[in-house]
Amino acid sequence: MRVALCHFRYGMPDGVSLEMGKWRRALEELGHEVLIAVGEDPTGEALLFPELSIPWAKGIRHDAFGEKPKRKAEELLAEIERLSTEISEKFEGLIREKKINLLIIENIWSLPLNIPAALGLLRAAESRGLPVIAHHHDFWWERDIYRPAFPEVEELLEELFPPDYGRAEHVVINSLAREELKRRRGLEAQVIPNVFDFEVRWEKDAFGASLREDLGIRPGDIVFLQATRIVARKGIEIAFALVKRFQEEVLPGLDIPGKGKSAVILIPNLIEDHDYHQRLVHRARVLGVEAIFAPDRFAAERRVEDGKKIYSFWDAYTAADFVTYPSLYEGFGNQFLEAIAAKLPLAVFEYPVFEA
């Protein structure tokens, strides 16, 4: 079987991209041929369709959910219709050319980050009568930011995210999402939780030995790792407060061989909310917490770029002494599993899926 995995991006250290890689390996081990079709891919492994990317749809998103849309509802809908038609035609061509038997759509039908892409993929699947696995990691109703600017946008949300497509099998990553999808849309879903290979062992090697030095971490520093993306729902300011209390109340009395009297917090993942990032920079300064933001030094896989090491996302765990995970909401909680695999102590906020 030829399978096309579709998402906004691939090969990046966000949870969906990482989970896609796991699905890809599992499908290939079962003997299927897997193509990746995404909007962004730093690895060069995927078929690129810029129209699927999150940045490409920024203007649509602003007018659909912004407080001051630049277009009227009818203009916005006309643009969505035009763009979705273009995307549909491109994907129908891909399906024909590559003889695709199955689409696996990752979060494009879950979050309205790119409405034309969601509609275009639906029409391509309908036109070809193609089966789809709709893999939902998050839903729009779990995010306060998706407040429709127009009633017409609200109708789109209710009908398209996710759509009631007869040949779609819906997959969610926790039981709370399954129940809510059934209540809101009357759609049945299977729960396939995010997974982790606990046989994997992360250890320092010749490549990773220079990580701490490259990031300006001193030999005796105690390193707290905040491995999430930088978005407000991750509650990173709570981690800063924890490090502050650790510095004041715990660190002075510690006597650990090889460790000094200083602590840093390492944030290696993507900066997706730049306003929030600036607030965090200010917060760290006010608290006197040394925060190292290093998204440019980490990727899904190791590589050397312009003579500079780009470390694997997993390398960050080999440099860490403690993991902070104060997310206010998570669809599953990959960093929770990763901290367990790394055998590191963990501070976690009891978000709803964790409690369930």
Side-chain angles (χ1 to χ4, degrees), residues 8-9 11-18 39-40 42 53-59 61-62 65-68 107 111-114 137-138 142-147 211-212 214-217 221 223-247 263-300 305 308 310-317 319-320 322-331 333-335 338-339 347-349 351:
F8 305 116
R9 57 196 177 197
M12 299 171 80
D14 62 285
V16 180
S17 293
L18 294 171
E40 298 177 89
S53 73
I54 295 172
W56 184 84
K58 182 178 180 180
R61 206 162 51 249
H62 174 272
F65 304 106
E67 294 182 1
K68 297 179 180 179
N107 252 26
L111 296 177
L113 291 165
N114 189 329
H137 300 254
D138 314 87
E142 299 164 351
R143 303 284 185 269
D144 292 336
I145 59 174
Y146 299 118
R147 297 190 182 95
L211 188 154
R212 290 172 67 110
D214 284 351
L215 298 181
I217 299 171
D221 282 347
V223 178
F224 289 77
L225 176 63
Q226 175 70 34
T228 64
R229 290 172 295 126
I230 298 175
V231 291
R233 67 180 174 87
K234 302 296 184 179
I236 299 171
E237 64 279 1
I238 302 173
F240 286 6
L242 174 66
V243 175
K244 172 70 171 177
R245 288 191 62 183
F246 177 83
Q247 289 178 157
V264 301
I265 183 164
L266 171 61
I267 307 105
N269 214 319
L270 303 173
I271 299 173
E272 294 200 339
D273 184 334
H274 291 277
D275 289 340
Y276 181 55
H277 171 239
Q278 289 305 309
R279 295 200 301 274
L280 288 175
V281 170
H282 175 72
R283 187 66 180 156
R285 189 181 305 120
V286 169
L287 291 174
V289 169
E290 186 175 348
I292 300 173
F293 296 92
D296 60 325
R297 298 306 302 267
F298 291 89
E305 194 172 277
K308 183 172 65 175
I310 304 298
Y311 294 96
S312 161
F313 184 60
W314 318 117
D315 285 325
Y317 285 90
F322 200 100
V323 174
T324 56
Y325 197 41
S327 292
L328 308 177
Y329 181 86
E330 288 290 342
N334 284 16
Q335 275 78 33
E338 291 160 11
V348 60
F349 182 85
Y351 57 92

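The figures here come from the full heavy-atom set of this structure, side chains too, leaving out hydrogens, waters and symmetry mates.
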Applying salt bridge (charged side-chain N to carboxylate O under 4.0 Å, His left out) to Arg285 and not counting sequence neighbours gives none

Heavy-atom side-chain proximity of Ile230 to Ile267 below 4.5 angstrom:
yes

By side chain to side chain donor-acceptor pair (under 3.5 Å), Tyr146 pairs with (sequence neighbours left out) none

### Query
Quick one: does Arg61's side chain have a donor or acceptor within less than 3.5 Å of a partner on Ile54's backbone?
yes

Heavy-atom nearest pair, Phe313 first then Pro268, reads CE1-CG, 4.2 Å

Between the CG atom in Asp138 and the CG atom in Leu113, the distance rounded to the nearest 0.5 Å is 9.0 Å

Query raised in the report: Would you find a donor on one side and an acceptor on the other, under 3.5 Å apart, between the side chain of Lys234 and the backbone of Ser327?
Result: no

Minimal heavy-atom distance between Tyr276 and Ile236, with the atoms involved, is OH-N, 2.9 Å

Does the side chain of Asn114 reach to within under 4.5 Å of the side chain of Phe8, using non-hydrogen atoms?
yes

Residues Leu215 and Ala294: closest non-hydrogen pair is CD2-CB, 3.9 Å

Check: Leu266 and Gln226 side chains under 4.5 Å, non-hydrogen atoms
no

Side chains of Asp296 and Lys308, heavy atoms from C-beta outward: is any pair under 4.5 Å?
yes

| Is a side-chain donor or acceptor of Arg297 paired with a backbone partner of Ile310 at a separation under 3.5 angstrom? | no

Contacts of Glu290 meeting salt bridge (charged side-chain N to carboxylate O under 4.0 Å, His left out) (sequence neighbours excluded), chain-then-number -> Arg218

Across all chains, not counting sequence neighbours, the salt bridge (charged side-chain N to carboxylate O under 4.0 Å, His left out) partners of Arg212 are none

For Gly11 and Ala300 the tightest heavy-atom approach is O-CB, 3.5 Å

Sorted by chain and residue number, the ring pair (Phe, Tyr, Trp, His ring centres under 6.0 Å) partners of Trp314 (sequence neighbours excluded) come out as Trp202

- Query: When you measure from the side chain of Asn107 to the backbone N and O of His137, does any donor-acceptor pair fall under 3.5 Å?
  - Reply: yes

Within the structure provided, determine whether Ile145 and Phe65 are in side-chain contact (heavy-atom separation under 4.5 Å).
no

What orientation do Phe293 and His277 show, parallel under 30°, tilted 30 to 60°, or perpendicular over 60°? perpendicular

Would Arg9 and Glu272 satisfy salt bridge (charged side-chain N to carboxylate O under 4.0 Å, His left out), going step by step from the backbone distance to the final call? CA-CA 13 Å; Arg9 57 196 177 197; Glu272 294 200 339; 2.4 Å; yes

_Donor-acceptor pair between Tyr311 and Asp214 side chains, under 3.5 angstrom_ = yes

Here the pair of heavy atoms bringing Ala319 nearest to Leu211 is CB-CD2, 3.7 Å

message = Do Phe224 and Phe322 have side chains that approach each other closer than 4.5 Å (heavy atoms only, starting at C-beta)?
response = yes

Show the numbers, then the answer: is there a side-chain hydrogen bond (donor to acceptor under 3.5 Å, both in side chains) between Glu40 and Ser53?
CA-CA 6 Å; Glu40 298 177 89; Ser53 73; 5.1 Å; no

**Request:** Kindly say whether Ala227 contributes a backbone atom to a donor-acceptor pair with the side chain of Asn269 at under 3.5 angstrom?
**Result:** yes

For Ala291 and Ala284 the tightest heavy-atom approach is CB-CB, 4.1 Å

Item to complete: Answer yes or no: does atom CZ of Arg283 have more than 12 heavy-atom neighbours from other residues, nucleotides or ligands under 6.0 Å?
Response: no

Exercise. Do Ile265 and Thr324 touch side chain to side chain, with heavy atoms closer than 4.5 Å?
Worked result: yes

Residues passing the salt bridge (charged side-chain N to carboxylate O under 4.0 Å, His left out) test with Asp315, sequence neighbours excluded, are Arg302

Note to self: Walk me through whether Leu328 and Tyr351 qualify under side-chain contact (heavy atoms from CB on, under 4.5 Å).
What the structure shows: CA-CA 6 Å; Leu328 308 177; Tyr351 57 92; over 6 Å; no

Checklist entry - Does a salt bridge link Arg279 with Glu237, judged by any charged N lying under 4.0 Å from a carboxylate O? => result no

Fill in: Expected output: side-chain Asp273 to main-chain Asp275 donor-acceptor under 3.5 Å
yes

Distance col, row Leu280:CG vs Ile271:CD1, nearest 0.5 angstrom, shows 9.5 Å

